[in-house]
Structure formats: structure tokens, C-alpha cells
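For ligands, and for the atoms within them, numbers begin at 1 and follow the listed sequence. From a predicted model like this one, the values you see are computed outputs, not experimental measurements.
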Amino acid sequence: MGLLDGKVAIITGAGGGLGEAYAKLFAKEGAAVVVNDLGGPRDGSGSDKGAAQRVVDEIVAAGGRAAANTDDVSTVQGGENILKTALDNFGQVDILVCNAGILRDKTFANTSEQDWDLVVKVHLKGTYCCVMPVWKWLKDNGKPGTIIMTSSTSGLYGNFGQSNYGAAKAGIYGFMRVLSIEGRKYGIRVMGLAPGAFTRMTSDLPGFRDREPDAMALPENIAPGVLYMASDLAADHTGKVLGVSSRGVREIKMMQTDGFAPGRPYTAQEVAENADKVFFPAAPEKTAASA
Ligand code: NAI
């Protein structure tokens with residue numbers, strides 16, 4: 001018995017890196033998998049339609065079920081075609097993992113409008129474009145489902161040189177929170193993921209480039225945490241972000257202090273005088289590389 005027997009999963013950006021590891025593990029656990037990938041370099045400047053098919057061939061050779069899709073996640077038509085690939089090949093969809101992504105890191109002053117727009121388009125709009133048709137299909141067919149959206153500690157905590165990427169990833173967090181609330185009445189769980197893995201996306205970033213890759217940071221050792229989120233093992237958990245990295249699996253949460261709450265009109269000076277109540281005690285800052 002596999003954890004995903006009888007389920008159909010769409011995984012975007014699964015022609016390499018983390019998505020490939022999720023696709024292979026999900027297929028091993030019994031899911032029929034749509035492997036989407038536009039292919040191309042890390043900065044999103046081109047395409048390589050062979051990436052998705054290679055992963056499909058490897059899944060099929062290992063006895064699994066998979067179908068390739070090479071659409072661009074960042075277009076409405078692309079999102080619709082990805083769902084169509086699932087329906088044409090497997091007749092349903094139960095799980096969507098929005099994983100596709102690109103990187104155009106630069107300090108903010110050096111970030112062009114084109115870099116900003118493309119990164120936000122692939123990550124944030126790409127998540128919207130893939131979720132919308134799946135959401136409607138689940139809702140219209142009265143089916144429960146699980147949607148996993150890939151955020152990042154770069155958006156949740158911030159990280160130097162990633163203003164475009166961090167903005168998109170924080171936007172995905174907000175999108176996930178809202179949909180998790182709307183999804184409750186339809187039995188659709190929506191979870192956020194903040195992975196940390198050694199892939200082509202991170203191999204030359206601080207924290208990864210200066211050391212040998214830790215085996216626990218390889219995509220195949222991240223995939224079990226994502227399988228947990230996609231499977232019934234996650235029970236009714238929804239609206240939560242799990243950090244999954246070489247450090248294991250943990251929840252990442254938005255928090256607030258008890259604050260300064262005088263219950264009467266107050267001055268800015270009083271806020272300053274009560275700064276110890278307003279702010280959390282200073283703690284070592286978490287960065288994407290340390291998270
Ligand atoms: P990767 O670069 O190995 O994989 C991303 C895949 O997405 C590539 O195969 C690429 O061809 C595909 N892709 C890019 N644009 C696409 C588009 N428009 N349509 C369809 N496919 C497209 O990167 P990695 O590390 O596997 O990242 C996967 C996800 O995890 C991304 O969303 C990334 O932002 C996120 N992430 C990764 C972290 C890490 O430590 N590797 C840290 C935090 C977040």
C-alpha cells in the first residue's frame with residue numbers, strides 16, 4: 001500500500017531539482033503524476049521541453065505512472081493545459097504542488113523592472129495560474145484535494161539580494177493563508193512549504209557554495225516532508241507553512257507580541273517608552289541560509 005494510492009498529483013517544475021524528487025517519491029507511493037516543466041536555465045530565459053519527459057521516462061521505467069507537460073506555469077493557458085494533461089491522462093486531480101520557480105538575484109538598486117516582473121510572474125502569478133483551474137475543478141466536482149504552494153524563508157524572513165523573489169514568496173504565503181480559509185468548506189487543504197535544498201537554484205548561494213552539500217539537503221531527503229503534507233497523514237492540517245530542509249521538518253509561523261495596549265488615546269512617545277512590550281526580545285536574526 002502506497003501513501004498516495006489512487007491519487008493523481010500535478011507537480012510543476014518537476015523536470016529537475018526538488019520537483020523531480022517529489023514526482024519520483026509520489027509515483028513510488030502510488031500516485032499518477034503530471035510532471036510539468038518548461039525547462040531552461042535558472043533565470044527563466046529559455047526552455048527545454050525534454051526535462052519533463054526525462055523524469056516521466058524514469059518514473060515509468062521504475063513501474064510508476066506519469067505524464068509530461070511542458071507548459072509555462074505563469075500563463076492562464078498554461079495552468080489550464082496542465083490540468084487538462086491530468087484529466088486527459090488520469091481523469092482526475094487530487095494534489096497540486098506549485099513548485100516551479102526561477103531566480104534573478106540582485107541587490108534592489110540593481111534590479112530591473114524586467115527582473116522584478118518575471119520573478120513575480122513565474123512564482124506568484126504562476127501559483128495563481130495553476131491553482132485556479134484545479135481549485136475550480138475540485139470545487140465543481142465536490143472533491144477534496146490538497147494544494148501545496150512553495151514559499152521560501154527568503155520571503156518569510158527576508159534575505160539579502162532577493163527583493164523580487166522574497167516579495168513573490170511572501171505573496172504566496174498570503175495567498176496560501178486566504179485559500180486555506182476559503183478551502184475549509186470544500187475540504188481543500190492548502191499548505192505552504194519553505195524548502196531548503198541543494199539544487200541548481202541554491203548551489204552557488206551563500207550557505208551552500210562554501211561547503212560540501214549535506215546529504216540531508218539533497219532533494220530526495222526533502223521529498224518525504226512534502227509527501228507527508230500531500231498525504232492523508234497530514235490529517236486536517238491546513239493553512240500552515242512547513243520548513244523542510246536538512247534540519248528536518250518544522251512549522252514556521254507568523255507571530256505577534258502582546259504589545260502596548262493602553263485602551264485609551266496614546267502618543268508615539270508612549271509607544272517608544274513601551275518598546276519592550278511592542279517588540280519581541282532581540283534574537284539572532286534568521287536568514288534563508290541559516291533557516
Ligand atoms: P530548480 O531550478 O532546480 O527547479 C525549478 C524548476 O522549475 C526547473 O526545472 C525549471 O525548469 C522549472 N520552471 C521554471 N520556470 C517555469 C515555468 N514558467 N513553467 C514551468 N516550469 C518552470 O529549483 P529548486 O531548488 O528545485 O526549486 C523548486 C522550488 O523551491 C522553487 O519554487 C524555489 O523557489 C523553491 N525554493 C527552493 C529552495 C532551495 O533551497 N532549493 C529554497 C526556497 C525555495
Contact partition for Thr199 relative to ligand 1, non-hydrogen atoms under 4.0 Å: side chain
So which bit of Arg42 gets within less than 4.0 Å of ligand 1, heavy atoms only: side chain, backbone, both or neither? neither
Ligand-side contact atoms (ligand 1) for residue partner [X], heavy atom cut-off under 4.0 Å:
{"X": "Gly39", "result": "11 (O)"}
{"X": "Leu38", "result": "17 (C), 18 (N), 19 (N), 20 (C), 21 (N)"}
{"X": "Ser151", "result": "44 (C)"}
{"X": "Thr202", "result": "39 (C), 40 (O), 41 (N)"}
{"X": "Arg200", "result": "1 (P), 2 (O), 3 (O), 8 (C), 10 (C), 11 (O)"}
{"X": "Gly196", "result": "40 (O)"}
{"X": "Asp72", "result": "17 (C), 18 (N), 19 (N)"}
{"X": "Ile102", "result": "14 (C), 15 (N)"}

With a cutoff of 4.0 Å, is [X] in contact with ligand 1, counting heavy atoms of the residue only?
{"X": "His123", "answer": "yes"}
{"X": "Asp71", "answer": "yes"}
{"X": "Phe198", "answer": "no"}

Going through the checks in order, is the salt bridge (Lys or Arg N to Asp or Glu O under 4.0 Å) test met by Glu182 and Arg177? CA-CA 9 Å; Glu182 291 192 21; Arg177 288 291 310 154; over 6 Å; no
Gly15-ligand 1 polar pair, N/O distance under 3.5 Å: no
Using a 3.5 Å cut-off on N or O atoms only, is Tyr165 in polar contact with ligand 1? yes
Taking only residues at least two apart or on different chains, which pairs with a member in residues 21-36 satisfy salt bridge (charged side-chain N to carboxylate O under 4.0 Å, His left out)? Glu20-Lys24, Lys24-Glu58
For Glu80, what residues pass the side-chain hydrogen bond (donor to acceptor under 3.5 Å, both in side chains) criterion, not counting sequence neighbours? none
Among [options], which one puts a heavy atom closest to [atom]?
{"atom": "atom 13 (N) of ligand 1", "options": "Gly17, Cys129, Ala100", "value": "Ala100"}
{"atom": "atom 31 (C) of ligand 1", "options": "Asp37, Thr150, Asn99", "value": "Asn99"}
{"atom": "atom 19 (N) of ligand 1", "options": "Asn36, Val244, Val73", "value": "Val73"}

Assess, by modelled atom type and distance only, whether the side chains of Asn81 and Lys84 contain a donor and an acceptor separated by less than 3.5 Å. no
Any side-chain to backbone donor/acceptor pair from Asp94 onto Val8? Under 3.5 Å, distance only. yes
Backbone of Leu193 reached by a side-chain donor or acceptor of Thr150 within 3.5 Å: no
State, with a plain yes or no, whether a side-chain heavy atom of Leu227 is found less than 4.5 Å away from one of Leu3. yes
Mind running side chain to side chain donor-acceptor pair (under 3.5 Å) on Asp57 and Gln53 for me, showing each step along the way? CA-CA 6 Å; Asp57 291 345; Gln53 191 59 50; 2.9 Å; yes
To check your reading of the model: name the closest protein heavy atom to [atom], its residue, and the distance in Å.
{"atom": "atom 14 (C) of ligand 1", "result": "Gly101 O, 3.3 Å"}
{"atom": "atom 43 (C) of ligand 1", "result": "Pro195 O, 3.3 Å"}
{"atom": "atom 6 (C) of ligand 1", "result": "Gly13 O, 3.5 Å"}
{"atom": "atom 40 (O) of ligand 1", "result": "Ala197 N, 2.7 Å"}

